[in-house]
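Take a look at the structure set out below.
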Amino acid sequence: MQSRIPRQSVPTAHEQDGAGPDGDAGLGAELAAVVAAARRRAVRDGDRHTDTAHLLHTLLESDPQVRAALGGGPLIARLLGYLVQRSIGYGLRWHSSIEDSGALPVVTEAARTGSDGHGCSPAASAALAHACARAARRGEGLACGLDLLAGIVADPGSRAVEVLARAGIDAGEVAARLDNDAEAGARGAGGTDRDEIPERPAAVTRSASGH
């Protein structure tokens with residue numbers, strides 16, 4: 001059984017402005033639309049929260065840069081096939097549980113307790129906060145689709161990463177490529193050094209039934 005020991009919250013720029021990770025502050029217009037569409041998908045599917053698999057599904061449908069980062073072509077078709085199956089297959093077990101792998105900090109008390117209705121799961125909230133922080137590190141005011149993808153794959157215990165693995169995509173390799181791209185971009189802009197870019201959380205071992 002998963003431990004429910006509270007983890008320390010990590011404030012982000014958009015939280016300091018009074019908005020939590022379930023809001024649209026800190027997100028570009030296209031990414032805000034992705035989050036809204038993911039929420040609609042969760043409601044339509046009868047899911048308790050918007051989770052990282054909902055976010056990944058909507059990102060794939062709307063963002064060509066995200067599709068390219070994941071390999072494009074047949075890989076994306078296979079991945080979308082698995083995501084579609086969540087409502088009739090392996091994802092059925094997710095209906096009665098809250099997605100919180102514990103690998104990333106919980107950002108809001110509502111997310112930690114699962115009390116935010118049709119808001120985001122703790123893991124999805126953490127991915128959104130990661131996206132905003134990643135954009136801020138490179139001097140951008142608003143996060144984009146690749147920032148959210150980086151946040152999603154940073155949590156090795158998330159539902160989205162489980163689906164990526166089923167499709168034959170190594171989330172760790174995707175995360176490393178995105179980190180390298182961010183580092184190269186920072187060096188090119190004469191900004192952040194490697195030591196200033198936080199490393200991804202260490203992988204955690206969890207059974208799929210824990211989601």
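Values below: every heavy atom of this structure, side chains too, minus hydrogens, waters and symmetry copies.
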Of the non-hydrogen atoms in [X] and [Y], which two are nearest, and what is the gap between them?
| X | Y | result |
| --- | --- | --- |
| Cys120 | Ser125 | CB-OG, 3.5 Å |
| Ala135 | Ala143 | CB-CA, 3.7 Å |
| Pro122 | Ile98 | CD-CG2, 3.5 Å |
| Leu75 | Ala167 | CD2-O, 3.6 Å |

*Step by step, would you call Thr52 with Asp155 a side-chain contact (heavy atoms from CB on, under 4.5 Å)?*
CA-CA 10 Å; Thr52 56; Asp155 182 349; 5.9 Å; no
_Side-chain H-bond candidate by donor/acceptor type, Ser158 with Glu99, under 3.5 Å_ = no
_With sequence neighbours excluded, residues passing side chain to side chain donor-acceptor pair (under 3.5 Å) with Glu30_ = none
Within-4.5 Å side-chain heavy-atom neighbours: [X] and [Y]:
| X | Y | value |
| --- | --- | --- |
| Arg134 | Leu178 | yes |
| Leu59 | Leu31 | yes |
| Ser62 | Val34 | yes |
| Val66 | Leu60 | yes |
| Leu27 | Leu128 | yes |
| Leu55 | Leu149 | no |
| Leu70 | Leu56 | yes |
| Ser121 | Thr50 | no |

*Kindly compute the distance separating CD1 (Ile169) from CZ (Arg166), expressed to the nearest 0.5 Å.*
13.5 Å
*Output the distance between atom NE2 (His57) and atom CG (Leu80), rounded to the nearest 0.5 Å.*
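Separation between the atoms: 5.5 Å.
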*Can you run down the salt bridge (charged side-chain N to carboxylate O under 4.0 Å, His left out) pairs that involve residues 58-80, sequence neighbours left out, and say none if there aren't any?*
Arg41-Glu61
*asked:* Arg138 vs Asp147, test: side-chain contact (heavy atoms from CB on, under 4.5 Å). Steps then yes/no.
replied: CA-CA 11 Å; Arg138 66 170 186 274; Asp147 293 320; 2.5 Å; yes
*Got a donor-acceptor contact below 3.5 angstrom from the Arg177 side chain to the Ala69 backbone?*
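The answer is yes, because a donor-acceptor pair under 3.5 Å joins these two groups.
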_Under the rule for side-chain contact (heavy atoms from CB on, under 4.5 Å), what residues qualify as partners of Ala53, not counting sequence neighbours?_
Asp51, Leu83, Arg86, Trp94, Arg159
